[in-house]
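The structure under discussion appears below in the form of structure tokens.
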Number of protein chains: 2
Amino acid sequence: MRYKAGHKDETHQRILDIAGKLFRKNGIASVGLASIMKDAGLTNGAFYAHFDSKETLVKEVLGDILDQRDLQIVEGLKNGASLKQFIYDYLSPFHRDHCESGCPTSAFISELIHHSKSTRTLFTEKTVRIFDRIEQQIQGENSYRANLAISIFSLMVGALQLSRAVTDKIVSEKILKAASETAISLISTMSDEDAAVN
Amino acid sequence: MRYKAGHKDETHQRILDIAGKLFRKNGIASVGLASIMKDAGLTNGAFYAHFDSKETLVKEVLGDILDQRDLQIVEGLKNGASLKQFIYDYLSPFHRDHCESGCPTSAFISELIHHSKSTRTLFTEKTVRIFDRIEQQIQGENSYRANLAISIFSLMVGALQLSRAVTDKIVSEKILKAASETAISLISTMSDEDAAVN
DNA sequence: TGTACATCAGTGAACGCGCGTTCACTGATGTAC
DNA sequence: TGTACATCAGTGAACGCGCGTTCACTGATGTAC
């Protein structure tokens, strides 16, 4: 073999990583395969030795990133990180200013609607898993934990996107702060008796 | 004049309406000017008699839609519609299934980040106005009304997008229901004393 | 009144460009005999 | 051991296509004299 064992797998993963960053930074539609391959130190044609089509790449990138992020969450929880910390990190100025290494859902969810059913089904599974991870971290035993988990993730996704879209830095900070506080209040005040009120 | 008075204005508005629907349905980047002009019953070249560039169109469309929607909210409130009703309508299966006539924020917010500062500044102003409209409809006089308004809108935007992206209808309905219930609980339980807890 | 010209919304072909995709080819290595 | 062939990751030019944009032109009307 011209290349050492595992070389192709390494290249494959490098393409995934670079595409993941570019897709999150610039959107899926506006990133060409040529620019991905150039960043990976390869030429146009080599792409099809690794993926059937751009759509295949999109699906694989999405799965890869969401799995990586899930692993981070699980590791974090093992090491004692709280749901509160997850919320603060998600709604931090750093996350807002670094799309390329952040949550893909916030980065290009409105583009996902225009992708293949297969890609969206993968997204559905990974998203349900996030809902479950959050739900497991909510204190108490009321039946609203599932609803709360969904709402907290929705709130974070919407707020992060809004904070990124506005041009006014003060408004942007306000959005992050408001959403953090509301999310935290949702997990801390929603004990059994409060939930029963709703 | 070959055309009756006001003809050009009518054509201009028709282009805006058609572009607004297409952008919300398919995303801004993936809708070509040719398809917009064809739907408007015109040819390619006529576009530049109405707009300087695609970016100008995007900005004008965004302003037009957000003003139309704001007018609807104001009219609705005059006729006794409640914030609750606004939330239910926003998080309804109908809104989820009809991007083309719905909220542009949910339709293409993650694309907005890649547009001109001028377009995003317009978006910022209109979004702050929505925050204010919601805030004014929240009962009570506590200092958290502004935060709640921001959070409720963020929650709705995130939830609607997630409900559109997932392929599983049951998950989609769950998201809409969870977000509705949480949003409603936020405006009804957050009286002065509850807010003080946070 | 008739004629020449100005106006202007819209036409439609063409521009350069980047896109996703294809494909004949390269060249270093491993394998067979 | 030497030679012929197979393997395969990657090359790089080319494909048709649709994009945003430009521009010389059309043709019905209004205006000037």
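Reminder, nothing fancy here: chain letters follow the sequence lines and each chain counts from 1.
- Atom CG of B/L155 is separated from atom CG of B/L148 by 11.0 Å, given to the nearest 0.5 angstrom.
- Distance, B/F23 CZ to D/dC19 P: 12 Å, rounded to whole Å.
- Toward the 5′ end of DNA chain C lies the nearest nucleotide of B/T43, the other residue of the pair A/G32 and B/T43 mapping further downstream.
- Side-chain contact annotation: B/Q137 with B/S82, donor-acceptor N/O pair under 3.5 Å absent.
- When the side-chain nitrogen and oxygen atoms of B/H12 are compared with OP1 and OP2 of C/dA9, none of them lie within a distance under 4.0 Å.
- For B/Y48, whose side chain is taken as the heavy atoms from C-beta onward, the closest listed nucleotide among D/dT22, D/dA9, C/dG10 is D/dT22.
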> What do the steps show when you test B/H115 against B/F123 for ring pair (Phe, Tyr, Trp, His ring centres under 6.0 Å), and what is the final call?
Replying inline: CA-CA 11 Å; B/H115 282 87; B/F123 173 76; over 10 Å; no
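- With C/dG10, D/dG20, C/dA9 as the choices, the nucleotide that has an atom nearest any side-chain atom of B/H50 turns out to be C/dG10.
- In this structure, A/F51 atom CZ and D/dG10 atom P are separated by 11 Å, rounded to whole Å.
- Within the 3.5 Å criterion, the main-chain N or O of A/G32 finds a donor-acceptor partner in the side chain of A/S35.
- Side-chain atoms of A/A34 lie closest to C/dC19 of the nucleotides C/dC19, C/dT21, D/dT11.
- Side-chain N/O atoms of A/T11 include none lying less than 4.0 angstrom from OP1 or OP2 on D/dA9.
- In this structure, the CG atom of B/N44 is 15 Å from the C1' atom of C/dG16, given to the nearest Å.
- With distances taken from any side-chain atom of B/L42 to the nucleotides C/dT11, D/dT21, C/dC19, the minimum falls on C/dT11.
- Both distances falling under 3.5 Å, in either a Watson-Crick or a G-U wobble arrangement, place D/dC8 opposite C/dG27.
- Rounding to whole angstrom units, CG of residue B/N26 and P of D/dG18 are separated by 15 Å.
- In this structure, D/dC15 and C/dG20 make a Watson-Crick or G-U wobble pair, each of the two defining distances being under 3.5 angstrom.
- Note: CE (A/M37) to P (D/dG12) measures 12 Å, nearest angstrom.
- Rounded to whole Å, atom P of D/dC8 lies 14 Å from atom CG of A/D9.
- Put simply, NZ on B/K38 is 11 Å from P on D/dG18, counting in whole angstrom units.
- Remark: D/dT1 base-pairs with no nucleotide in the shown strands. Criterion, Watson-Crick or G-U wobble with two distances under 3.5 Å.
- To the nearest angstrom, P of D/dG10 lies 8 Å from CZ of A/R14.
- Here the side chain of B/R164 pairs no donor or acceptor atom with the backbone of A/I109 at under 3.5 angstrom.
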